[in-house]
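Report on the following structure.
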There are 2 protein chains.
Amino acid sequence: MNILTQQAQFDHPCPIRNVLHRIGDQWSLLVLETLSRKTLRFNEIGREINDISKQMLSRTLKRLEQDGFITRTVFAEVPPRVEYALTDVGRSFLVPMQALVQWADANHATICESRRQY
Amino acid sequence: MNILTQQAQFDHPCPIRNVLHRIGDQWSLLVLETLSRKTLRFNEIGREINDISKQMLSRTLKRLEQDGFITRTVFAEVPPRVEYALTDVGRSFLVPMQALVQWADANHATICESRRQY
DNA sequence: AGCTTTCGGTCTACATTTGAGACTATCGTT
DNA sequence: AACGATAGTCTCAAATGTAGACCGAAAGCT
């Protein structure tokens, strides 16, 4: 039993593993990285990521909002405008996230070589 | 288009996004964290994580091995013994990963509170 | 002697998640 | 008058994940 599992197995509502499970899905990191530069609208995020379906973008944004990483602001206009922006929590998350991205950047050549040799 | 997407969309074999996609799955971080303390056998890892299926453990270990994060050593014994250990690359990955874990630890109460309020 | 457990997986059948694309209503442009 | 943009939701099909049976040989227990 490690730090990631010790609470999850007792169905605690909020173990570390729970947190990592959210950010460790297919799209969350990508969305947060996209929002790290500036506030964006729904379709703008979709166009940046380029291969995310509307459904998954919608779900991912909703969960990130629930968890307090981002805010969702609706403007009463037609056509509708909805803007997504990082919260303080979201911005503080960028620090460890960018360390990860940098590691990936520095090591991806090595990893690809490893895959090729396999 | 951001740093994570710019190469993936051109089907480059090894963009940063490719790397993060692997580690950003359901189980990879958990397995790496489990192996961070010591070398373990297949079923030992399964018991530590506790709620991973054998199939996913098998697949996850195979991909981590392909990508060069871990080594797989088979001992010609009966019953069989197969040991998994971190490589240098795997160990270097622990640095940014543990920063993430610490962030999750420090912020999970806030996140849970945010979920509750939603 | 015979039964159970263990090892590291693979296989199959079922459940859950994801993706592609249609659909919504309103307004500005052509 | 038709078209596209807006932010989503809905439905159906495809992909992915889970649970549990199964494998063969050996060691431990009764």
Side-chain angles (χ1 to χ4, degrees), chain A residues 4-5 8-9 11 17-18 20-31 34-35 38-67 69-86 118, chain B residues 4-5 8-9 11 17-18 20-31 34-35 38-67 69-86 118:
Chain A
L4 296 169
T5 52
Q9 77 160 4
D11 277 344
R17 189 162 157 183
N18 223 313
L20 291 185
H21 186 272
R22 291 285 178 103
I23 63 92
D25 70 357
Q26 186 78 247
W27 300 111
S28 294
L29 286 180
L30 234 30
V31 168
T34 302
L35 287 174
K38 65 169 190 284
T39 294
L40 291 171
R41 303 172 65 165
F42 184 88
N43 281 337
E44 288 175 329
I45 302 171
R47 269 182 245 117
E48 289 260 331
I49 295 182
N50 190 46
D51 59 351
I52 185 173
S53 66
K54 286 160 161 263
Q55 193 173 63
M56 286 314 291
L57 179 54
S58 175
R59 284 188 202 164
T60 303
L61 289 169
K62 202 167 291 175
R63 285 182 310 177
L64 290 174
E65 188 198 357
Q66 280 175 357
D67 287 4
F69 288 81
I70 62 177
T71 57
R72 176 176 183 273
T73 312
V74 182
F75 295 84
E77 301 175 2
V78 170
R81 180 156 62 104
V82 181
E83 289 189 347
Y84 293 91
L86 292 179
Y118 193 80
Chain B
L4 296 168
T5 52
Q9 76 159 0
D11 277 343
R17 189 162 157 182
N18 223 314
L20 291 185
H21 186 272
R22 290 286 178 102
I23 63 92
D25 70 357
Q26 186 76 247
W27 300 112
S28 294
L29 285 179
L30 234 30
V31 168
T34 303
L35 286 174
K38 63 169 191 286
T39 294
L40 291 171
R41 303 172 64 164
F42 184 87
N43 282 337
E44 287 175 330
I45 302 171
R47 269 183 245 115
E48 289 260 331
I49 295 183
N50 190 46
D51 58 350
I52 186 173
S53 66
K54 285 160 162 263
Q55 193 174 63
M56 285 314 291
L57 179 55
S58 176
R59 283 187 202 163
T60 303
L61 289 168
K62 202 167 288 174
R63 284 182 310 177
L64 290 175
E65 188 199 356
Q66 281 175 356
D67 286 4
F69 287 81
I70 62 176
T71 57
R72 176 175 183 274
T73 312
V74 183
F75 295 84
E77 301 175 0
V78 171
R81 180 157 62 104
V82 181
E83 290 188 347
Y84 293 92
L86 292 179
Y118 193 81

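Bear in mind the structure is a predicted one, so any value in this text is a computation, not a measurement. So you know, we letter chains A, B, ... as the sequences are listed, proteins then strands, and number each from 1.
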- [ ] Please list, in 5' to 3' order, the outermost nucleotides of DNA chain C lying under 4.0 Å from any heavy atom of chain B.
- [x] C/dT6 to C/dT12
Open item on the list: Checking the side chain of B/R22 only, and the main-chain atoms of B/S28 only, is there a donor and an acceptor separated by less than 3.5 Å?
Closed with: no
Task: Heavy-atom pair of closest approach, residues A/W27 and A/D51 - done: CH2-O, 3.5 Å
Open item on the list: Just to be sure I understand the rule, does B/Y84 reach a base, reach only the sugar-phosphate, or reach nothing, if contact means heavy atoms closer than 4.0 Å?
Closed with: sugar-phosphate
TODO: Applying side-chain contact (heavy atoms from CB on, under 4.5 Å) between B/V82 and each of B/R41, B/R72, B/E77, report the one that passes.
DONE: B/R72
- [ ] May I ask you to say what A/V82 touches in the nucleic acid, namely base, sugar-phosphate or nothing, with a heavy-atom cut-off under 4.0 Å?
- [x] sugar-phosphate
TODO: Please report, rounded to the nearest Å, how far the C1' atom of D/dA19 is from the CG atom of B/D51.
DONE: 13 Å
Open item on the list: Five pairs per end, C1' atoms only: what is the angle between the end axes of the helix from C/dA1-D/dT30 to C/dT30-D/dA1, to 10 degrees?
Closed with: 10°
Open item on the list: Within the 4.5 Å heavy-atom criterion, are B/L40 and B/K38 side-chain neighbours or not?
Closed with: yes
Open item on the list: For A/R63, give me all partners under side-chain hydrogen bond (donor to acceptor under 3.5 Å, both in side chains), at least two apart in sequence or on another chain.
Closed with: A/D25
Task: Protein-nucleotide distance (A/W27, atom CH2; D/dT16, atom C1'), rounded to Å - done: 15 Å
TODO: Return the set of residues passing side-chain hydrogen bond (donor to acceptor under 3.5 Å, both in side chains) with A/E83 (not counting sequence neighbours), or none when no residue passes.
DONE: A/R81
Open item on the list: Expressed as a whole number of angstroms, how long is the span from A/H21:NE2 to D/dG17:C1'?
Closed with: 11 Å
Task: Residues that A/F69 engages under ring pair (Phe, Tyr, Trp, His ring centres under 6.0 Å), provided they are two or more places apart - done: A/F93, B/W103
- [ ] Rounded off to whole Å, could you give me the CD-to-P distance for the A/Q26 and D/dA15 pair?
- [x] 15 Å
- [ ] Can you measure from CD (A/E48) to CG (A/L35) and round to the nearest 0.5 angstrom?
- [x] 9.0 Å
Open item on the list: Measuring from atom OH of A/Y84 to atom OG1 of A/T34, what distance do you get when rounded to the nearest 0.5 angstrom?
Closed with: 13.5 Å
Task: DNA chain D contacts made by residues 53-67 of chain B, counting heavy atoms under 4.0 Å - done: B/S53, B/Q55, B/M56, B/R59
Task: Minimum side-chain heavy-atom gap B/L61-B/I70 below 4.5 Å - done: yes
Open item on the list: Assuming nearest nucleotide by heavy-atom distance, tell me which of A/P79 and A/I52 is located more 5' along DNA chain C.
Closed with: A/I52
Open item on the list: Less than 4.5 Å apart, side chain to side chain, heavy atoms only: is that true for A/L30 and B/R17?
Closed with: yes
